[in-house]
Each structure stands twice: as C-alpha cells, then as structure tokens.
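The structure appears right after this line, and notes come after that.
Along the sequence shown, residues carry numbers from 1. All values below were derived from every heavy atom in this structure, side-chain atoms included, with hydrogens, water molecules and symmetry-related copies excluded.
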Amino acid sequence: MRQIRIFEELIKARLEVDVAGLVAGARARLESRLSLQPIPVDNDLADRAGPLGWGRVRTFAWEAPGFRKVVLTHVAMRPMIDGFALSALPSPKLAAPVFACDLMALPTRVSVNVDVYGAPELGASAKRAVLEPLGESFVRLGTGAGPAWAADLASGVGLHARVSPRAVDDAFGALTGALARYLEVAQTAQEGPGGPETQRAFFQAFHDHGPRKGALGRVMGAAWAERYSRLIFE
C-alpha cells in the first residue's frame, strides 16, 4: 500500500507540472538575451497534431546576431510525455559549441538534459569551459552520463538526470542557468576554427539518433520526423 501511495503521489505531482509555463519561461529568457527574428517554418512543423488529435508539437525558430538558428519546441503528449526541447546553433564562423537541452515530464519522473557539443577541431577545453562552473548544481540533481552516441561531441560536464516531479523547479532552474551561461559565452565568442565541423557533426549525430528514432517519429510519421529533425539540428 505504501508503494501504491508513493506512485499515486508522483502521478499527482507530475500532472501538476506546468509545462506550458516552463516553455513560456524558456522563451522569455531567450527574448531577454537575444534580438530574435522569426525564421519561417512550414505550417505542419510549426503546429502539428498527432493521430486522431492525440498529442501536439509546436515549434518556433529564430535567428539572432551571432546565432544561425535557435529552435524551441513544446511536445505535448499527455499523460505519457509533456515537455520542451531547445537548440541553439551559433554562427559557423565562431569558435563556439552548439547548445541543446530538453526537459520532459514522464509519467512519474522528469527527465532533464543540458549540454554543449563540439567537434574535435573546436577543442575539449572550449566545450568544458561553458558548463563546468555549474557542476555543483548539476551534481545536486544526480547528473549522470549522457547518451553514448553523443559522447565524442559532448562537453563531459553537462546535466543528464531524472528527478522527481517535485524537483521540477530545481531542474528548470539548472537548465535556464545553463542556457544563460551558454548565451553569455557564445555572445563573446571570437571567429576561429571548428565551427563548421561542429555543426556538421552535431547534425549528423542528432539526426541519426534523435527524434526520428523516438516517440515523435513513431507517432507523427517518418517523413514529418525527418523534416523536423532537419529544422532543429541542421
């Protein structure tokens, strides 16, 4: 009975997570830091309903000074998954890594991933320097290793954790803190080597292993997932 009560409490806490509010908060942080200009997005990528009306994926894309593309997506497939993903691709001329994060409310847990990614030409220290100052807050959330397929590109000090729905505010705070730190570093980045190689490697890794292979690809269809993956990662 105790285990059942704990499970019920987790479900209740999960259903109380205001994902739409988190999406609005992430967008507000972007708008406060960057001069965003909308990038046209095909209607079915900007707002896509799932089969029989179950589930919805809304996507916003922008460019900004120093950034080739910033994409924010709200994935709402309650009660299975409800969350958002954000990627930021700097100008390829800059010696700066790519930023990617997501926060997904699952049935009894919240998954949070935040990291920066760069090709070997960018240098390991350039990647580690972005998020390393936030390591203590990541440890408190129980961070672990990221996906093996992205290990060669990742910083090695990112946030990859599953936490109780009760800790969603802490997870979101860590994510937005990392976003703020990344934007600060990227906006002061200088032109240098590694940018084009980083963006090609980032696209290939996430295109091969990301949404096309997960729930979005299965629910929304392979053709849509192919186009969506190119929008956010290419």
Are any of the side-chain heavy atoms of [X] and [Y] separated by less than 4.5 Å?
X    : Y    : result
L22  : F84  : yes
T59  : L45  : no
R212 : R218 : no
V57  : H74  : no
R48  : R56  : no

Residues two or more places apart in sequence or in another chain: which of them pass salt bridge (charged side-chain N to carboxylate O under 4.0 Å, His left out) with [X]?
X    : value
R29  : none
E234 : R230
R200 : none
R33  : none

Do any pairs count as a side-chain hydrogen bond (donor to acceptor under 3.5 Å, both in side chains) and have a residue in [range], sequence neighbours left out, and if so which ones?
range            : answer
residues 147-159 : D115-S155
residues 176-192 : none
residues 116-130 : R128-E132

Inset, instruction - Using the side-chain contact (heavy atoms from CB on, under 4.5 Å) rule, pick out the option among L30, L183, L36, L94 that qualifies with F67. - result: L183
Say you draw a straight line from [atom1] of [X] to [atom2] of [Y]; how long is it, rounded to the nearest 0.5 Å?
X    : Y    : atom1 : atom2 : result
F172 : L103 : CZ    : CG    : 8.0 Å
L72  : S87  : CG    : OG    : 9.0 Å
S229 : K213 : OG    : NZ    : 10.0 Å
I232 : K69  : CD1   : NZ    : 9.0 Å
L86  : C101 : CG    : SG    : 4.5 Å
L179 : L131 : CG    : CG    : 10.5 Å

Sidechain-backbone polar pair: [X] side chain, [Y] backbone, donor-acceptor under 3.5 Å:
X    : Y    : value
D18  : G21  : yes
T143 : G158 : yes
T198 : A119 : yes

What closest approach, in Å, do [X] and [Y] show between heavy atoms, and which atom pair accounts for it?
X    : Y    : answer
A161 : G142 : CB-O, 3.9 Å
F233 : L89  : O-CD2, 3.7 Å
L134 : A178 : CD1-CA, 3.4 Å
V41  : A61  : CG2-CB, 3.8 Å
A105 : V19  : CB-CG2, 4.4 Å
G83  : M104 : CA-SD, 3.6 Å

Inset, instruction - For the residue pair Y228 and W224, categorise the inter-ring angle as parallel (less than 30°), tilted (30 to 60°) or perpendicular (more than 60°). - result: parallel
Legend entry - Common cluster, V185/L122, ILVMFWY with side-chain heavy-atom separation under 4.5 Å: no
Legend entry - Joint cluster assignment, V116 & L175, ILVMFWY side-chain distance < 4.5 Å: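 Same cluster.
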Inset, instruction - For P92, check side chain to side chain contact (heavy atoms under 4.5 Å, CB included) against everything at least two apart and list the hits. - result: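 Only R68, P196, Q199 meet the side chain to side chain contact (heavy atoms under 4.5 Å, CB included) criterion with P92.
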Legend entry - Criterion side-chain contact (heavy atoms from CB on, under 4.5 Å) on F99 and V70, from CA distance to verdict: CA-CA 9 Å; F99 177 89; V70 179; over 6 Å; no
Inset, instruction - Please identify each residue that fulfils ring-ring contact (aromatic ring centres under 6.0 Å, His included) with W62, with sequence neighbours left out. - result: none
Legend entry - Any residue meeting ring-ring contact (aromatic ring centres under 6.0 Å, His included) with F203, in chain and number order, not counting sequence neighbours: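 Partners of F203 by the ring-ring contact (aromatic ring centres under 6.0 Å, His included) criterion, ordered by chain and then number, come out as H207.
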Legend entry - R27 atom CZ: more than 12 heavy-atom contacts under 6.0 Å: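 Yes - once you tally the heavy atoms of other residues, nucleotides and ligands closer than 6.0 Å, there are more than 12.
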Inset, instruction - Carefully, step by step, assess Q37 and S35 under the rule side-chain contact (heavy atoms from CB on, under 4.5 Å). - result: CA-CA 7 Å; Q37 297 298 320; S35 179; 4.1 Å; yes
Legend entry - Steps toward side-chain contact (heavy atoms from CB on, under 4.5 Å) verdict (V114, H160): CA-CA 7 Å; V114 185; H160 304 279; over 6 Å; no
Inset, instruction - List in chain and number order the residues that pass side chain to side chain donor-acceptor pair (under 3.5 Å) with D208, two or more places apart in sequence or in another chain; answer none if no residue qualifies. - result: Q204
Legend entry - Partners passing side chain to side chain donor-acceptor pair (under 3.5 Å) against D102 (at least two apart in sequence or in another chain):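 Side chain to side chain donor-acceptor pair (under 3.5 Å) check on D102 returns N113.
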Inset, instruction - Check the pair D42, R227 against side-chain contact (heavy atoms from CB on, under 4.5 Å), reporting the backbone distance first and the verdict last. - result: CA-CA 10 Å; D42 291 345; R227 293 167 53 229; 3.1 Å; yes
Inset, instruction - Decide salt bridge (charged side-chain N to carboxylate O under 4.0 Å, His left out) for R140 and D170; before the verdict, give the C-alpha distance in whole Å, the side-chain angles of both, and the deciding distance to 0.1 Å. - result: CA-CA 9 Å; R140 287 199 297 268; D170 293 333; over 6 Å; no
